[in-house]
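Contents: one structure, followed by commentary.
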Amino acid sequence: MHELAYQLLQLTYYDSVDKGDMEMAASALHEDVEWSHQQVWAHHGFPRGNPSQLRGRTAIRDLLLARRSELAAAKIRHRVRDLICDGKVGALIGYVLGPDSSEQPFMVWFELRDEKIGKYILRPI
């Protein structure tokens, strides 16, 4: 399951968000995913305030599509540093890499369901 989690989180979700391919990013998510994201890197009017809470692949895809230009302009990249997975649950420590090579760390709790990301909770650290 560790390899599947890495494939879904880094190679499909984060790498696709960073490239602006939001359809591919959303393909990593279960159709009924529980998604909670607190901004790690404040940019383009997106503060590090309260977390966003969404449910369902379509809702997250729509949010990512709406933010595509701002994410591209920010020139940030998401990287997984450490990932643990025990069956269908896991956690990771990652960071957002800024255009100036500075790093902002975050952690994620995730659960896999039907070989997709079924729960995703991201918080800055």
Side-chain angles (χ1 to χ4, degrees):
M1 284 296 185
H2 184 274
E3 286 130 20
L4 175 61
Y6 184 80
Q7 172 73 35
L8 291 169
L9 290 157
Q10 180 66 67
L11 303 179
T12 305
Y13 186 71
Y14 294 133
D15 287 354
S16 296
V17 166
D18 294 343
K19 292 177 197 170
D21 187 349
M22 304 317 182
E23 295 286 345
M24 178 60 77
S27 76
L29 306 173
H30 190 275
E31 66 183 38
D32 193 34
V33 63
E34 294 175 49
W35 186 90
S36 178
H37 180 280
Q38 186 171 353
Q39 196 70 27
V40 176
W41 193 281
H43 63 92
H44 294 87
F46 300 106
R48 287 187 65 179
N50 294 325
S52 299
Q53 309 274 346
L54 294 173
R55 184 166 198 123
R57 179 187 313 141
T58 301
I60 294 137
R61 184 205 63 214
D62 291 350
L63 172 73
L64 293 173
L65 286 168
R67 296 189 60 192
R68 181 176 16 214
S69 62
E70 290 92 352
L71 286 165
K75 298 179 182 172
I76 58 176
R77 300 290 176 254
H78 300 79
R79 299 289 179 255
V80 171
R81 178 165 280 139
D82 296 302
L83 183 143
I84 58 170
C85 190
D86 185 13
K88 295 185 180 206
V89 299
L92 70 87
I93 300 293
Y95 61 95
V96 176
L97 181 65
D100 61 355
S101 297
S102 62
E103 298 179 6
Q104 295 290 326
F106 64 89
M107 61 178 278
V108 172
W109 171 263
F110 65 89
E111 296 177 11
L112 303 177
R113 187 169 11 144
D114 301 328
E115 299 192 349
K116 298 286 186 183
I117 301 167
K119 182 178 275 191
Y120 177 88
I121 301 170
L122 181 146
R123 297 295 183 268
I125 52 175

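The CG atom of Leu112 lies 7.5 Å from the CG atom of Leu9; values are rounded to the nearest 0.5 Å. Gln39 contributes atom CD, which lies 7.5 Å from atom OG of Ser52 (distance to the nearest 0.5 angstrom). With values rounded to the nearest 0.5 angstrom, Glu3 atom CD is found 11.5 Å from Leu11 atom CG. Between atom CG of residue Asp21 and atom OG of residue Ser27 there is a gap of 8.0 Å, rounded to the nearest 0.5 Å.
You'll find the side chain of Arg67 reaches within 4.5 Å of the side chain of Leu63, heavy atoms only. Residues Val80 and Tyr6 meet the side-chain proximity criterion, which asks for heavy atoms closer than 4.5 Å. Within the 4.5 Å cutoff, no side-chain heavy atoms of Met107 are placed close to those of Leu92.
Residue Leu54 is not grouped with residue Ile121 when hydrophobic side chains (ILVMFWY) are merged at heavy-atom distances under 4.5 angstrom, including chains of intermediate members. The hydrophobic clustering, which links ILVMFWY residues whose side-chain heavy atoms are closer than 4.5 Å, places Tyr95 and Leu83 apart. When hydrophobic clusters are built by joining Ile, Leu, Val, Met, Phe, Trp and Tyr residues whose side-chain heavy atoms come closer than 4.5 Å, directly or via intermediates, Tyr120 is not grouped with Ile84. Leu4 and Met24 sit in two unconnected hydrophobic clusters of ILVMFWY residues. Membership requires side-chain heavy atoms under 4.5 Å apart, directly or through other members.
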Check your understanding: Checking side-chain contact (heavy atoms from CB on, under 4.5 Å) for the pair Val89/Trp109: CA distance, chi angles, key distance, verdict?
Key -> CA-CA 8 Å; Val89 299; Trp109 171 263; 3.8 Å; yes
Exercise for review: Carefully, step by step, assess Val108 and Ile93 under the rule side-chain contact (heavy atoms from CB on, under 4.5 Å).
Suggested key: CA-CA 7 Å; Val108 172; Ile93 300 293; over 6 Å; no
Practice item. Check the pair Val33, Phe110 against side-chain contact (heavy atoms from CB on, under 4.5 Å), reporting the backbone distance first and the verdict last. Key: CA-CA 10 Å; Val33 63; Phe110 65 89; over 6 Å; no
Exercise for review: Show your reasoning for whether side-chain contact (heavy atoms from CB on, under 4.5 Å) applies to Leu97 and Ile76.
Suggested key: CA-CA 5 Å; Leu97 181 65; Ile76 58 176; over 6 Å; no
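For residues 78-88, the pairs satisfying salt bridge (Lys or Arg N to Asp or Glu O under 4.0 Å) are Asp15-Arg79, Asp18-Arg79, Arg81-Glu103, with sequence neighbours left out.
Contacts of Arg61 classified as salt bridge (Lys or Arg N to Asp or Glu O under 4.0 Å), with partners at least two apart in sequence or in another chain: Glu23. Evaluation of the ring-ring contact (aromatic ring centres under 6.0 Å, His included) rule for Phe106 yields Tyr14 as partners, not counting sequence neighbours.
A donor-acceptor pair under 3.5 Å links the side-chain atoms of Asp100 to the main chain of Ser102, judged by distance alone. Using a distance-only test at 3.5 Å, with no hydrogens or angles considered, a donor-acceptor pair links the side chain of Ser16 to the main chain of Thr12.
Among the candidates Gln53, Lys119, Arg55, the single residue satisfying the side-chain hydrogen bond (donor to acceptor under 3.5 Å, both in side chains) test with Ser36 is Gln53. Across His78, Gln104, Arg123, a single residue satisfies side chain to side chain contact (heavy atoms under 4.5 Å, CB included) together with Val40, and that is Gln104.
Of all non-hydrogen atoms in Gly118 and His30, the two that sit nearest each other are CA-CB, 3.9 Å.
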